[in-house]
Amino acid sequence: MTQTLEQKINKKLQQTFEKLGLNPQYATVKTSDRPDLSDFQCNGALALAKSERKNPREIASQIAAELEQDQAFSKISVDGPGFINLSISDNLLSDVMEDMSQDERLGCEKTDAPKTVVLDFGAPNVAKDMHVGHLRSAVIGESIQRVERFIGNKVISDTHLGDWGTPMGMIISEIMLSHPDWPFFDDDKKDGFPDSLPYTVEDLTEIYKAANARCKEDESARQQARIITAKFQDGHPGYRALWQHLRRISVDAVKKNFDALDVHFDLWLGESDAHETCYKILDLAQEKGVSEKDDGALIIRLGESNKPKPPVILQKTDGGFTYHITDIATIKMRVDDLHADEIIYFTDKRQALHFEQVFEAAEKLGLVKNVKLQHIGFGTVNGPDGKPFKTRDGGVMKLEALIDLSKDKVKESVPTAEDIAKDFTSKEEAQHYIDNLVDEIAIAAIKFQDLKNNIASGYIFELDDFAKFDGKTGPYIQYAIARINSIMRKAATSNINEGKIVITTKEERDLALKLAQLNTIIWRTHQDKEPSIISDYAYTLAQTFSTFYNAASIMNAESAEVASSRLRLARLTRDVLKLLLYLLPREQFFILADTVGLKSVIQTGINRGIKIIATEGVGSISITAPRVIKVNTSTKFQTSKRHILNSVDQRQGANLNLTAAKGLNKAWFQIKLSVTELSFEGFFDLDTGLKFQITNIFKPSRFTIVIRKVIIIYLSIIRRYHRLNRHIGQRRIDHTGTDAGTKLNTVCSGRNTIIGSDVNILVSHEQLFHRPQAAFIIAVEQTGDIAVDINFGTDF
RNA sequence: GCGCUCUUAGCUCAGCAGGAUAGAGCAACAGCCUUCUAAGCUGUGGGUCGGGCGUUCGAAUCGCCCAGAGCGCGCCA
């Protein structure tokens with residue numbers, strides 16, 4: 001078993017503490033809050049100062065002096081009120097990295113006392129649509145399931161179906177109304193019931209809705225449902241047979257849903273399975289003398305007498321069982337049959353009181369002697385108004401509706417099947433590809449939203465933001481993996497091999513230190529049952545890697561040793577990131593990671609907005625136009641001295657008109673084009689690529705037009721072309737319309753300045769992917785009105 | 001009425017077994033493509049951590065009070 005860095009340091013510290021006769025309880029380090037001062041810090045001296053009645057700095061100095069002898073530390077200092085700042089030597093760090101990179105478990109500890117952990121999450125109801133709450137429960141539960149398994153616990157996950165209550169009676173009653181002749185409803189029939197039902201899960205939800213509506217307005221229907229519920233729970237053969245079908249149809253559908261989310265259960269038990277045990281609970285309550293009759297119901301009183309809690313109701317006045325007793329019975333079963341050491345529930349935090357009651361009652365019944373019960377409550381998924389996400393008409397947001405909503409959002413930024421048809425053998429195939437893509441992006445994005453925030457706090461579902469690929473998102477993490485994969489591919493072809501890790505730069509050091517935190521992170525996630533710890537770490541690790549990646553080349557390092565070392569570090573980073581994504585669980589993104597070429601272009605061309613920034617004069621106030629302008633349309637702008645006056649939403653053709661107001665001496669338009677976005681607006685011709693054209697600048701003799709960066713774009717494209725070995729985009733630059741009176745505006749002179757009024761560039765789609773942003777700066781000096789038309793399209 | 005949770009940058013959120021200069025992402029602004037995927041990197045601006053009192057050498061973090069928001073409270077699950 002390899003030791004993690006933190007463990008190694010703690011061990012050294014403990015020895016020192018013991019040697020000095022100090023309580024080793026405080027001999028722990030944590031990652032430094034001040035990375036400028038040290039790698040790790042120990043606050044033990046501050047804590048000890050109180051009990052030892054000594055000056056904390058004195059204790060700290062004593063410890064520091066002792067540690068000085070150890071070669072493992074490169075720097076030890078006592079700062080502030082008594083922090084011990086420790087920096088470790090590069091040798092130790094590289095040793096730890098070596099261990100980690102050769103360990104299958106990436107240096108992560110496995111528990112030496114495996115426990116049986118029962119996880120209760122998902123909790124769908126038969127014949128009811130799943131809603132966003134189920135989604136959170138499932139995603140969070142699945143993540144914890146994977147973490148627990150990874151650290152070596154035995155996990156039994158149970159979805160705990162809602163398959164037993166009054167809703168069942170309501171549905172049976174509703175079906176009875178429309179098919180009274182069905183054999184299920186023959187009270188005397190004992191067996192030989194039909195072995196299938198002509199219903200789909202959609203039918204069932206419709207039936208439930210109808211039943212619900214009926215019961216809401218009609219007391220006799222309600223009464224009828226209650227009677228049927230009682231008979232059904234009591235074992236009425238026909239109702240039971242019908243119910244079996246209902247349950248199966250629902251479970252099949254729910255399984256499909258969960259599979260799509262990559263959520264899996266060991267057991268599909270439900271409330272029904274606890275029914276028999278409920279009677280045992282009643283006996284047990286009697287035996288322990290903790291229950292009493294109150295208002296006709298059998299209850300257990302909870303809380304202190306001066307501070308009572310709402311009681312648990314074991315049995316209703318009509319003799320029916322409540323979900324209190326069902327949950328208590330389920331605990332008993334999990335303890336007796338599954339030998340659970342821990343039972344963890346993942347539900348909406350609004351159920352916190354319910355579980356408090358159930359746990360306390362279970363305690364009183366003597367069921368929790370050898371088991372730890374825990375309820376992890378999560379916050380609600382909220383809409384833009386900060387309140388629980390509802391459908392437009394105020395109903396509960398269904399899971400499928402949410403996914404559809406997300407898909408629609410994703411579709412906005414993904415090309416249509418027609419756009420990519422040429423890359424596939426048939427249109428159907430293209431459509432299929434796009435549909436899958438939209439599915440995956442949408443679901444992955446939803447899951448990411450669920451896991452990136454602290455689970456207890458709920459979050460606002462930002463439909464506009466969630467499909468973005470920038471910043472703290474899943475794709476960011478994945479992108480780091482993609483880059484590493486790319487490096488490794490290249491390394492393999494250029495015969496560069498991994499080698500011993502040596503620390504030569506700050507960036508390497510930072511990355512290594514970050515990697516060394518893995519074990520702590522996973523164990524903290526286990527302890528807190530908080531997947532966002534992993535998600536957060538994955539993000540910062542990817543960030544640290546990006547900095548490392550940008551700071552120095554891996555393939556072209558100063559020496560072969562450094563290259564080999566960096567390669568190993570990169571590979572280790574990738575392995576860690578993959579593990580983290582697995583634990584989150586977000587494998588979907590891997591589809592993105594290793595793809596190159598057109599499919600990548602499509603997959604990644606999401607939300608690349610077109611920015612239009614018009615700047616007035618030099619050093620003046622910047623004016624920002626509406627952020628995203630779709631260029632299948634024309635948007636008209638007028639600039640004044642301070643701001644754009646109008647953004648007229650008259651869009652036609654592929655023109656973008658910029659108009660400066662009268663009386664301006666100088667006007668600048670800086671137009672940033674996001675090329676991939678264009679490509680998805682129908683101007684993406686797979687054969688000819690995309691053309692930009694800047695044309696029709698009025699009164700060319702009267703002002704200067706400088707366009708720069710165009711050539712830079714072009715050059716970059718050439719480079720990409722050679723590397724990708726794909727067909728080159730053509731390029732044509734015309735200088736028509738330039739006249740002798742044109743003068744160069746030095747302010748924006750670049751090395752590739754073109755003076756002209758017409759520029760055509762043709763770019764191919766592969767290149768667009770790699771060069772998604774192009775910028776033109778058009779500087780205009782004039783006295784009258786200016787208008788610049790920019791055409792985007794393939795047909796000029 | 002009783003109870004639970006929350007309030008940190010313009011927005012969405014981290015940080016909370018007390019610790020040294022409160023962090024990210026988005027948005028804004030300025031740079032960076034002849035170099036391993038620019039979905040990126042570097043930098044700038046932006047906060048009296050809802051308010052008050054207390055405990056402490058030291059409080060976003062612990063306690064009390066107040067304000068605001070949300071949620072839950074015996075026969076629905």
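Bear in mind the structure is a predicted one, so any value in this text is a computation, not a measurement. Chain naming here is simple, since letters A, B, ... match the order of the sequence lines and numbering starts at 1 in each.
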Can you tell me how far apart [atom1] ([X]) and [atom2] ([Y]) are? Round to the nearest 0.5 Å.
{"X": "A:R226", "Y": "A:D318", "atom1": "CZ", "atom2": "CG", "value": "7.5 Å"}
{"X": "A:Y26", "Y": "A:I59", "atom1": "OH", "atom2": "CD1", "value": "10.5 Å"}
{"X": "A:F40", "Y": "A:N85", "atom1": "CZ", "atom2": "CG", "value": "12.0 Å"}
{"X": "A:S137", "Y": "A:I376", "atom1": "OG", "atom2": "CD1", "value": "11.0 Å"}

Assign [X] to base, sugar-phosphate, or nothing according to its heavy-atom contacts below 4.0 angstrom with the strands shown.
{"X": "A:L37", "answer": "base"}
{"X": "A:K349", "answer": "sugar-phosphate"}
{"X": "A:P310", "answer": "sugar-phosphate"}

Review point. Do you know which two heavy atoms are closest between A:I477 and A:L581, and how far apart they sit?
Key: CG2-CD2, 4.1 Å
Check your understanding: Shortest non-hydrogen contact from A:D327 to A:Y345?
Key -> O-OH, 4.4 Å
Review point. What nucleotide among B:C71, B:A20, B:C41 has an atom nearest to a side-chain atom of A:N550?
Key: B:C41
**Study point:** Nucleotide nearest A:N85 when distance is taken to its side chain, options B:A20, B:C36, B:G40
**Key:** B:A20
Measure [atom1]/[X] against [atom2]/[N] and give the value in whole Å, please.
{"X": "A:K307", "N": "B:C2", "atom1": "NZ", "atom2": "P", "answer": "12 Å"}
{"X": "A:Y539", "N": "B:G23", "atom1": "OH", "atom2": "P", "answer": "16 Å"}
{"X": "A:K309", "N": "B:G3", "atom1": "NZ", "atom2": "P", "answer": "13 Å"}
{"X": "A:I477", "N": "B:G25", "atom1": "CD1", "atom2": "C1'", "answer": "12 Å"}
{"X": "A:H375", "N": "B:G72", "atom1": "NE2", "atom2": "P", "answer": "13 Å"}
{"X": "A:D33", "N": "B:G23", "atom1": "CG", "atom2": "P", "answer": "10 Å"}
{"X": "A:F545", "N": "B:G40", "atom1": "CZ", "atom2": "C1'", "answer": "11 Å"}
{"X": "A:Q357", "N": "B:G72", "atom1": "CD", "atom2": "P", "answer": "14 Å"}

Does [X] reach the main-chain N or O of [Y] with its side chain, forming a donor-acceptor pair under 3.5 Å?
{"X": "A:D163", "Y": "A:E271", "value": "yes"}
{"X": "A:R136", "Y": "A:D450", "value": "yes"}
{"X": "A:K349", "Y": "A:A456", "value": "yes"}
{"X": "A:R57", "Y": "A:G80", "value": "yes"}

**Study point:** Syn-anti status, with the boundary at 90° from 0, for the nucleotide B:C33
**Key:** syn
Point to revise | Conformer about C1'-N of B:A30 - syn within 90° of 0, anti elsewhere | key: anti
In whole Å, measure the gap between the [atom1] atoms of [N] and [M] for me.
{"N": "B:G54", "M": "B:G18", "atom1": "C1'", "answer": "15 Å"}
{"N": "B:C4", "M": "B:A22", "atom1": "P", "answer": "33 Å"}
{"N": "B:G72", "M": "B:A59", "atom1": "C1'", "answer": "31 Å"}
{"N": "B:G47", "M": "B:C33", "atom1": "P", "answer": "32 Å"}
{"N": "B:C16", "M": "B:C6", "atom1": "C1'", "answer": "14 Å"}
{"N": "B:A9", "M": "B:A60", "atom1": "C1'", "answer": "14 Å"}

Below 3.5 Å is the cut-off: list the nitrogen or oxygen pairs between protein and nucleotides 55-63 of chain B, distance only.
| residue | atom | partner | partner atom | Å |
| --- | --- | --- | --- | --- |
| B:G58 | O6 | A:K50 | NZ | 3.3 |

Point to revise | A:S32 versus A:S38, side-chain donor and acceptor atoms under 3.5 Å | key: yes
Review point. Taking only residues two or more places apart in sequence, or in another chain, which ones meet A:F378 in a ring-ring contact (aromatic ring centres under 6.0 Å, His included)?
Key: none
Practice item. Report yes if at least one side-chain N or O of A:R483 is closer than 4.0 Å to OP1 or OP2 of B:A38; otherwise report no. Key: yes
Point to revise | For RNA chain B, the dot-bracket pattern of Watson-Crick and G-U pairs whose distances stay under 3.5 Å, | for other-strand partners | key: (((((((..((((.....[...)))).(((((.......))))).....(((((..]....))))))))))))....
Check your understanding: Less than 6.0 Å separating the ring centroids of A:F359 and A:H375?
Key -> no
Check your understanding: Once the angle between the rings of A:Y323 and A:H354 is folded into 0 to 90°, is it parallel (under 30°), tilted (30 to 60°) or perpendicular (over 60°)?
Key -> parallel
Under 3.5 Å, N/O pairs linking protein and nucleotides 75-77 of chain B:
| residue | atom | partner | partner atom | Å |
| --- | --- | --- | --- | --- |
| B:C75 | O2 | A:T317 | N | 2.5 |
| B:C75 | O2 | A:T317 | OG1 | 2.8 |
| B:C75 | N3 | A:T317 | OG1 | 2.4 |
| B:C75 | N4 | A:D295 | O | 2.8 |
| B:A77 | OP1 | A:K316 | NZ | 3.2 |
| B:A77 | O3' | A:E271 | OE1 | 2.8 |
| B:A77 | O3' | A:E271 | OE2 | 2.4 |
| B:A77 | N6 | A:Y323 | OH | 2.5 |
| B:A77 | N1 | A:Y323 | OH | 3.4 |

Review point. Side chains of A:L541 and A:F545: does their closest heavy-atom pair fall under 4.5 Å?
Key: no
Review point. For A:T380 and A:S553, take the nucleotide of RNA chain B holding the closest heavy atom to each; which residue's nucleotide lies nearer the 5' end?
Key: A:S553
Revision key, fill the gap. The answer to which of A:A352 and A:A551 contacts RNA chain B further toward the 5' end, by nearest nucleotide, is A:A352
Check your understanding: Thinking salt bridges, do A:D510 and A:K514 make one under a 4.0 Å N-O criterion?
Key -> no
Set out, line by line, the N/O atom pairs under 3.5 Å between protein and nucleotides 8-17 of chain B.
| residue | atom | partner | partner atom | Å |
| --- | --- | --- | --- | --- |
| B:C13 | OP1 | A:I460 | N | 3.2 |
| B:C13 | O2' | A:N453 | OD1 | 3.4 |
| B:A14 | OP1 | A:S457 | OG | 2.5 |

**Study point:** Base of B:A20 and ring of A:F83 stacked, centres under 5.5 Å, planes under 30°
**Key:** yes
Point to revise | Base-contact (B) and sugar-phosphate-only (S) positions in nucleotides 42-49 of chain B, heavy-atom cut-off under 4.0 Å, - elsewhere | key: S-------
